[in-house]
Amino acid sequence: MELRHLNHFVAVAETRHFGQAAKRLFLAQPALSQSVRQLETELGVTLLARTTRQVSLTPAGEFFYREAIRILESLDETVRGVRRITEGRLGLVRIGFTGTAAFDQLPSISRALKQRLPGIALEVHGDLLTPAQVEGLRSEHLDMAVLRPPVAGDDLVVRTISTESLVLAVPTDHRLADQPALEVLDVSYEDFVMYSDSHSAVNDAVVRSCRAAGFTPRREHEAPDTSVLLALVSAGLGVALVPESVRALKLDGVTFRDISGATTIDLALAWRRDHSSPLVDSLVQALEDADILPPNDAQTLKDIS
């Protein structure tokens, strides 16, 4: 039995006329009649009751017609699904987010995909520092990552999403919590809470800001992620300079203040340069179309000493 047999039978069943079915299929009528007879012989049943005036379905033919329609529709959907996968419009994308970037970027990224690529599902890995995300990309446990460059190596591609200022996080009852204006130099004698990862891009930005103001930050406490870092600040164990998007993470006992003289830090979308997934290309295009990812800003991640 071949697919053409099913298509030929369905055409006759729907028109109840071999001549009309042959025209619909662009076949000669004798060839169509032979195809249907071959199908009946294969099944060992009579599907069509034929007279000189009309064609009708036998009970077996009625059942087989319904099943043939189901089979052909399922096959069509399978073909469409395969094509959507090949075109990068169907599948799962595993994406990591650094710190609180999930609060700031995930909603807009998710909306853009639902509107433009509804067949793509996101598997979100949140609150990962940049080194963990880079390892996830290289080990192929992540397809894409929203991280903070720079990182070492030239095997990844980065596209800048936004540039953020650093803000000061202090305990709500801290002396600086209600000062009218702050500069980086104002925290020169404070204890700092910083990330425990030695390759943290945020830590690098904090150190650069403090050294530009003439001092080295006194690192008294370390945190594995942003939520723990802010909890330590809330407990009065120090202050922290953090990316502005951290404001989205509300925590009792912590006040965020603008501070002049602090450097900026980039937030970027990254993926493997040698990726083979059309989903990655489709997601990049969708984010460009949604103006989330600025176009023509691709660059290789370089090793910065």
Check for me, please, whether I71 and F64 land in the same ILVMFWY cluster - side-chain distances under 4.5 Å, paths through other members count. yes

Taking a hydrophobic cluster as the set of Ile, Leu, Val, Met, Phe, Trp and Tyr residues connected by side-chain heavy atoms closer than 4.5 Å, whether directly or through intermediates, do F63 and V10 fall within one such cluster? no

Go through it in stages, so that I can follow the logic: the residues are R218 and D191, the test is salt bridge (Lys or Arg N to Asp or Glu O under 4.0 Å), and I'd like the CA-CA distance, side-chain angles, deciding distance and then a yes or no. CA-CA 5 Å; R218 187 166 62 238; D191 293 336; 2.8 Å; yes

Would the distance check show the side chain of [X] and the main-chain N or O of [Y] forming a donor-acceptor pair, the cut-off being under 3.5 Å?
X	Y	value
D266	P149	no
T58	T46	yes
S165	T264	no
R94	E123	no
Q54	R16	no
S234	D252	yes
S33	Q29	yes
R257	Q179	yes
T130	R148	yes
S110	P107	no

How about NE2 on H199, more than 12 heavy atoms from neighbouring residues, nucleotides or ligands closer than 6.0 Å, or not? no

Between R175 and E190, is there a salt bridge with N-O shorter than 4.0 Å? yes

Please determine whether a side-chain nitrogen of the Lys or Arg among E67 and R70 lies less than 4.0 Å from a carboxylate oxygen of the Asp or Glu. yes

How far apart are the C-alpha atoms of H8 and L39, what are their side-chain angles, what is the distance that settles it, and do they pass the side chain to side chain contact (heavy atoms under 4.5 Å, CB included) test? CA-CA 9 Å; H8 294 171; L39 177 60; over 6 Å; no

Apply side chain to side chain contact (heavy atoms under 4.5 Å, CB included) to residues L57 and L48 and explain how you reach the verdict. CA-CA 5 Å; L57 292 171; L48 298 172; 3.4 Å; yes

Polar contact flag, side-chain donor to acceptor under 3.5 angstrom, S139-H141: yes

Between D281 and Q285, do the side chains contain a donor N or O and an acceptor N or O under 3.5 Å apart? no

Nearest heavy atoms of [X] and [Y], plus distance in Å:
X	Y	answer
L166	P243	CD2-N, 3.8 Å
V254	L230	CG2-O, 3.5 Å
V280	M144	CG1-CE, 3.9 Å

After noting the C-alpha distance and the side-chain angles of E14 and Y65, does the key distance pass the side chain to side chain contact (heavy atoms under 4.5 Å, CB included) rule? CA-CA 9 Å; E14 291 178 346; Y65 169 69; 2.8 Å; yes

What I'd like to find out is whether the side chain of V55 reaches to under 4.5 Å of the side chain of H17, using heavy atoms alone. no

Can you find a pair of side-chain heavy atoms, one from L92 and one from D143, that are under 4.5 Å apart? no

Salt bridge (Lys or Arg N to Asp or Glu O under 4.0 Å), that's the test. Do E164 and R247 meet it? Break it down for me. CA-CA 12 Å; E164 300 180 68; R247 292 181 189 269; over 6 Å; no

Could you walk me through whether T263 and V184 satisfy the side chain to side chain contact (heavy atoms under 4.5 Å, CB included) test, starting with their C-alpha distance in whole Å, then the side-chain angles of each, then the deciding distance to 0.1 Å, before giving a yes or no? CA-CA 10 Å; T263 189; V184 173; over 6 Å; no

